[in-house]
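Predicted model, so just to flag it, every value in this text is computed and none were measured. Along the sequence shown, residues are numbered consecutively beginning with 1.
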Amino acid sequence: ADYMGESSEASSRLTAALGETEQATDLYTDAMQNVYASNFGESFDDVAESATQVAQILGKEITPEQLESCTSAAISLRDTFDIDVSGSMKAAKTMMDNFGISSEEAFDLLAKGAQDGLNINDDMVDSFAEYSPYFAQIGLDATDMFNAFASGADISMYGVDKAGDAFKEFGIRVVDGSESTKTAFETIGLSADEYAQKIMAGGDTARQATSEIIEGLLSIEDPVERNITGVSLFGTQWEDLGQDGAEAMLSLMGSAVDAQGTLQGINDVRYDNVNDA
């Protein structure tokens, strides 16, 4: 069926957002029709509005296939977890850019997070968007960030943001050359200058360095000394999360997250019914 008559205004906005030719717009129109035909959206107008938001965030390089998959995913998160389309798309785009993951992987992590209670304080998508660059900067990946957030959410309703802030602070402190940082590295038994260089190198070098720093911190036997060192490297967030909570969060680094197919599983249940059809 041709749904374009229902939403010429919304479709025009999509065309304007993409700055595309009429021929290219036909491909995007087909993509939106596929989304609507698959039971996503309250109306074709709703799909077109959502697709426009997706296109504005992903930019003019977006393909019709990406428009279809991302719009479907964003609408699914909205309908299932009350997460707005632009918020989830911004979070997914930030993860794609910083961690080099696909939109499917990004949306699966967001869906898994929502299922697991990470959005209890309505700050999950903002946290994924805000803190992705800071995790990537110290060599950690999207799974590491998810684990940090999940552990933080277990500690308190503000734990997702606190966990993100802790790693943001860590990325600043490990390279600042301050006396407190040097003392912390001496306590762990590592060279502050050497590890600052490794962190600034980024990528796998930074990841290995971050892992070794965390292992060194957790191996400090004296709880008072461990707490002082934790605050020196992770700021007051170490105390906000509590020493046990912070250590639980850090011990999850490198653990796997089984998020693949989460959104598809939700869609199979949610949209495969007569009412949505």
Determine whether a donor-acceptor pair (N or O, by modelled atom type, separation under 3.5 Å) exists between the side chain of [X] and the backbone of [Y].
X      : Y      : result
Thr210 : Ile138 : yes
Asp108 : Leu263 : yes
Ser251 : Ala248 : yes
Ser88  : Val85  : yes
Glu105 : Ser102 : yes

Residues that Glu169 engages under salt bridge (Lys or Arg N to Asp or Glu O under 4.0 Å), provided they are two or more places apart: Arg173
Partners passing salt bridge (Lys or Arg N to Asp or Glu O under 4.0 Å) against Glu65 (at least two apart in sequence or in another chain):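 Listed in chain order: nothing, the list is empty.
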Under 3.5 Å side-chain donor-acceptor pair for Glu49 and Gln53: no
Asp268 side chain to Gln264 side chain, donor-acceptor N/O pair below 3.5 angstrom: yes
Are [X] and [Y] connected in the hydrophobic side-chain network, where two residues link if heavy atoms are under 4.5 Å apart?
X      : Y      : value
Ile228 : Ile188 : no
Leu241 : Leu252 : no
Leu190 : Ile172 : no

Residue pair Phe167, Phe135: steps toward the ring pair (Phe, Tyr, Trp, His ring centres under 6.0 Å) verdict: CA-CA 7 Å; Phe167 278 95; Phe135 278 83; 4.8 Å; yes
Which atom names give the shortest non-hydrogen contact between [X] and [Y], and what distance separates them?
X      : Y      : value
Thr229 : Glu225 : OG1-O, 2.8 Å
Asn267 : Ser76  : OD1-OG, 2.5 Å
Met32  : Ala48  : SD-CA, 3.6 Å
Ala163 : Ala148 : CB-O, 3.5 Å
Ala166 : Met249 : CB-CE, 4.3 Å
Thr262 : Lys112 : CG2-N, 3.7 Å

Contacts of Ala55 that satisfy side chain to side chain contact (heavy atoms under 4.5 Å, CB included) - sequence neighbours left out: Leu14, Leu18, Leu67
Partner residues of Arg207 under the side chain to side chain contact (heavy atoms under 4.5 Å, CB included) criterion, sequence neighbours left out: Leu140, Asp141, Asp144
Check against side-chain hydrogen bond (donor to acceptor under 3.5 Å, both in side chains), Ser86 and Asp84: CA-CA 6 Å; Ser86 62; Asp84 68 86; 2.8 Å; yes
Verdict with reasoning, Phe149 to Phe128, per ring pair (Phe, Tyr, Trp, His ring centres under 6.0 Å): CA-CA 9 Å; Phe149 288 168; Phe128 272 97; 5.1 Å; yes
Quick one: pull up [atom1] in [X] and [atom2] in [Y] and give me the separation to the nearest 0.5 Å.
X      : Y      : atom1 : atom2 : answer
Ile213 : Leu250 : CD1   : CG    : 11.5 Å
Met95  : Ile101 : CE    : CD1   : 5.5 Å
Asp45  : Ser50  : CG    : OG    : 9.5 Å
Phe107 : Ser69  : CZ    : OG    : 8.0 Å
Leu118 : Ser127 : CG    : OG    : 9.0 Å
Glu130 : Asp123 : CD    : CG    : 9.5 Å

Test item: [X] and [Y] side chains (from C-beta on) under 4.5 Å apart, heavy atoms:
X      : Y      : result
Ser232 : Thr183 : no
Asn121 : Val160 : no
Pro133 : Thr94  : yes
Lys90  : Val125 : no
Ser72  : Ser38  : no
Ile62  : Tyr28  : yes
Glu247 : Trp238 : yes
Ile83  : Met124 : yes

Neighbour count above 12 (heavy atom, 6.0 Å) for Phe99 CZ: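 Above 12, so yes.
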Crowding at NZ, Lys162 (>12 non-hydrogen neighbours, <6.0 Å):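 No, not enclosed.
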Option among Val35, Asn34, Asp79, Thr71 that satisfies the side chain to side chain contact (heavy atoms under 4.5 Å, CB included) test with Phe40: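 Going through Val35, Asn34, Asp79, Thr71 one by one, the side chain to side chain contact (heavy atoms under 4.5 Å, CB included) with Phe40 is satisfied by Val35 alone.
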Pair Met89-Cys70, side-chain contact (heavy atoms from CB on, under 4.5 Å): steps then yes or no: CA-CA 8 Å; Met89 190 65 251; Cys70 289; 3.8 Å; yes
Quiz: residues 217-224 side-chain donor-acceptor pairs under 3.5 angstrom, not counting sequence neighbours:
residue : atom : partner : partner atom : Å
Ser219  : OG   : Glu215  : O            : 3.3
Ser219  : OG   : Gly216  : O            : 2.8
Asp222  : OD1  : Val224  : N            : 3.0

Step-by-step side-chain contact (heavy atoms from CB on, under 4.5 Å) determination, Asp116 to Phe146: CA-CA 11 Å; Asp116 289 358; Phe146 182 96; 3.9 Å; yes
side-chain contact (heavy atoms from CB on, under 4.5 Å) between Gln197 and Val175, worked out: CA-CA 8 Å; Gln197 293 298 320; Val175 298; over 6 Å; no
Check against salt bridge (charged side-chain N to carboxylate O under 4.0 Å, His left out), Asp46 and Arg78: CA-CA 12 Å; Asp46 178 32; Arg78 181 197 67 186; 2.8 Å; yes
Check against side-chain hydrogen bond (donor to acceptor under 3.5 Å, both in side chains), Asp176 and Ser178: CA-CA 5 Å; Asp176 69 3; Ser178 67; 3.1 Å; yes
Pairs touching residues 170-221 that satisfy ring pair (Phe, Tyr, Trp, His ring centres under 6.0 Å), sequence neighbours left out: Phe170-Phe234
Salt bridge (charged side-chain N to carboxylate O under 4.0 Å, His left out) between Glu194 and Lys198, worked out: CA-CA 6 Å; Glu194 178 187 345; Lys198 289 181 177 181; 3.2 Å; yes
side-chain contact (heavy atoms from CB on, under 4.5 Å) between Asp161 and Tyr131, worked out: CA-CA 9 Å; Asp161 187 64; Tyr131 294 114; 2.9 Å; yes
